[in-house]
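Contents: one structure, followed by commentary.
The first residue in the sequence is number 1, and the count goes up from there.
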Amino acid sequence: MTCRALVLRTAGTNCDLETAHALELAGAVAERVHVRALLDGGRRLDEFQILVLPGGFAYGDDLGAGTVLANQLRTRLRDALERFVADGRQVIGICNGFQVLVRLGVLPGAPGGIGEKEVSLVENESGRFEDRWVRLRAETSKCDLLERGEILEMPVAHAEGRLVVRDAELLEQLRENDQIALRYVDSDNDAGGGADPGYPANPNGSVDAIAGLTSPCGNVLGLMPHPERNLRALHHPEWTRRRVAGTTRDDWRLGDGYRIF
């Protein structure tokens, strides 16, 4: 069966081409669809098995990162999106897409629905746009796209990526429910634990060094780093140092971001 992926785009989206390319490399049939086609009824979410909200600056982020697109989805496509999630279909939100999902309450969320907004992605503690490579550790066994304990490296590029939670009780619930998908780490805390590595390893100051969340059922993943920007090992800035004797050509093609797709 062919897996069909919808890469949702709108004014200001700028990572849709790379994201569609990543999905196609991984074997999906990817289609970039403007949100207007869904709003007008010309296309339907249920045509697809995967929905990806890629990075960029939807509507210029003029009213806050992801605000306008989240409102469109909430008011015009709520039922279709809730059915999509409840059916267990895969949803991925990358950077701006993650911002949209938290504004909708899909993340952290209740099973199968758009819920109350419980977390926010706000301005980086550094007070500036952060564009750098980061090291991540997968923390969950709930999401099929990740393997707990694996270390991934990919870039971030955002001004509003600092994850904050409603209260300490919610943070503890996220830990207990296995919904913390990814944490920022450095080489000193790869092995485990929740220690915050500090800046710049945690580039935005996110609470508990959280870089990504998954839904209660594990079929929704949101992350601030950009996996579509590390599809091949040579995308990494240290690729010449890391290439080792005996690496096959096929193995060398794949970067850490590809593993998510």
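- Counting only heavy atoms from C-beta outward, the side chains of L25 and F261 never approach each other to under 4.5 Å.
- For the side-chain contact (heavy atoms from CB on, under 4.5 Å) with L73, the lone residue among V106, L38, L53 that qualifies is L53.
- V164 is not connected to L101 by any chain of hydrophobic side-chain contacts under 4.5 Å among Ile, Leu, Val, Met, Phe, Trp and Tyr, and they are in different clusters.
- At a threshold of 4.0 Å, the pair D178-K142 does not count as salt-bridged, since none of the basic side-chain nitrogens sits closer than that to a carboxylate oxygen.
- Without hydrogens or angle criteria, R166 side chain to E118 main chain gives no donor-acceptor distance under 3.5 Å.
- When all heavy atoms of A157 and D131 are compared, the closest pair comes out as CB-OD1, 4.1 Å.
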Verdict with supporting geometry, V29 and E24, side chain to side chain contact (heavy atoms under 4.5 Å, CB included): CA-CA 6 Å; V29 175; E24 289 170 350; over 6 Å; no
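- A distance of 9.5 Å separates CD in E176 from CD in E169, rounded to the nearest 0.5 Å.
- Distance check, rounded to the nearest 0.5 Å: CD of Q90 to CZ of F84 gives 8.5 Å.
- A salt bridge between E150 and R148 is absent, with no side-chain N of the basic residue lying under 4.0 Å from a carboxylate O of the acidic one.
- Taking 4.5 Å as the limit, some side-chain heavy atom of C3 sits within range of a side-chain heavy atom of I50.
- Rounded to the nearest 0.5 Å, atoms CG (L182) and SG (C143) are 8.5 Å apart.
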Side chain to side chain contact (heavy atoms under 4.5 Å, CB included) between K117 and R103, worked out: CA-CA 6 Å; K117 182 173 177 283; R103 287 190 180 277; 4.3 Å; yes
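- Looking at heavy atoms from C-beta onward, V33 lies out of side-chain contact with V7 at the 4.5 angstrom threshold.
- Nearest heavy atoms, N14 versus G56: OD1-CA, 3.1 Å.
- Cluster membership check: L145 shares its hydrophobic cluster with M154, using side-chain heavy-atom separations under 4.5 Å among Ile, Leu, Val, Met, Phe, Trp and Tyr.
- Looking at T13 and N96, their side chains never come closer than 4.5 Å, going by heavy atoms from C-beta outward.
- Side-chain contact between P227 and Y258: absent, with no pair of heavy atoms (C-beta onward) separated by less than 4.5 Å.
- With values rounded to the nearest 0.5 angstrom, L221 atom CG is found 6.5 Å from I260 atom CD1.
- The CD atom of E18 lies 10.0 Å from the CD1 atom of I94; values are rounded to the nearest 0.5 Å.
- A salt bridge links R43 to E31: one of the charged nitrogens lies within less than 4.0 Å of a carboxylate oxygen.
- Using a cut-off of 4.0 Å between Lys/Arg side-chain N and Asp/Glu carboxylate O, D208 and R175 are scored as salt-bridged.
- R132 is listed as a side-chain neighbour of V156, based on a closest heavy-atom distance under 4.5 Å.
- For the atom pair I180 CD1 and R137 CZ, the distance stands at 10.5 Å (nearest 0.5 Å).
- Taking a cutoff of 4.0 Å between a charged side-chain nitrogen and a carboxylate oxygen, R128 and E130 qualify as a salt bridge.
- The same ILVMFWY cluster, assembled from side-chain heavy atoms under 4.5 Å apart, contains both L170 and V220.
- Q72 and Y59 share a donor-acceptor pair across their side chains, judged by distance under 3.5 Å alone.
- With sequence neighbours left out, the side chain to side chain donor-acceptor pair (under 3.5 Å) criterion links N124 to no other residue.
- Side-chain contact check for S120 versus V102: every heavy-atom pair is 4.5 Å or farther apart.
- No side-chain donor-acceptor contact under 3.5 Å links H236 and N230.
- By the side-chain contact (heavy atoms from CB on, under 4.5 Å) test, D40 pairs with R36, sequence neighbours left out.
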Just do the salt bridge (Lys or Arg N to Asp or Glu O under 4.0 Å) check on E160 and R162 with the steps written out, would you? CA-CA 6 Å; E160 297 176 54; R162 176 164 57 100; over 6 Å; no
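- Screening R229, E228, H235 for a side-chain contact (heavy atoms from CB on, under 4.5 Å) with P155, the sole residue that qualifies is R229.
- Side chain to side chain, Y184 and S206 fail the donor-acceptor criterion of an N or O pair below 3.5 Å.
- A pairwise comparison of heavy atoms in P54 and T19 identifies CB-OG1, 3.7 Å as the closest pair.
- Counted within 6.0 Å of CG on D144, heavy atoms from surrounding residues, nucleotides or ligands total 12 or fewer; the atom is thus considered open.
- Residues L121 and M224 have side chains in contact (heavy-atom distance under 4.5 Å, counting atoms from C-beta outward).
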Applying side chain to side chain contact (heavy atoms under 4.5 Å, CB included) to L223 and L213, what does each step give before you reach the verdict? CA-CA 7 Å; L223 69 164; L213 294 173; over 6 Å; no
Between L6 and L45, is the side chain to side chain contact (heavy atoms under 4.5 Å, CB included) condition met? List the steps. CA-CA 8 Å; L6 186 162; L45 278 178; 4.1 Å; yes
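- Here the closest non-hydrogen pair linking T214 and L107 is C-CD2, 3.6 Å.
- When every heavy atom of P197 is checked against every heavy atom of A209, the shortest pair comes out as CD-CB, 3.9 Å.
- There is a path of hydrophobic side-chain contacts, each under 4.5 Å, that joins V207 to L136.
- Here the closest non-hydrogen pair linking A5 and L23 is CB-CD1, 3.8 Å.
- Between D46 and R89 there is no salt bridge, since none of the side-chain N atoms of the basic residue sits less than 4.0 Å from a carboxylate O of the acidic one.
- Judged by distance alone, with hydrogens and angles left aside, the side-chain atoms of N177 form no donor-acceptor pair with the main-chain N or O of Q179 at under 3.5 Å.
- V122 and L69 are assigned to two separate hydrophobic clusters, defined by single-linkage of ILVMFWY side chains at heavy-atom distances under 4.5 Å.
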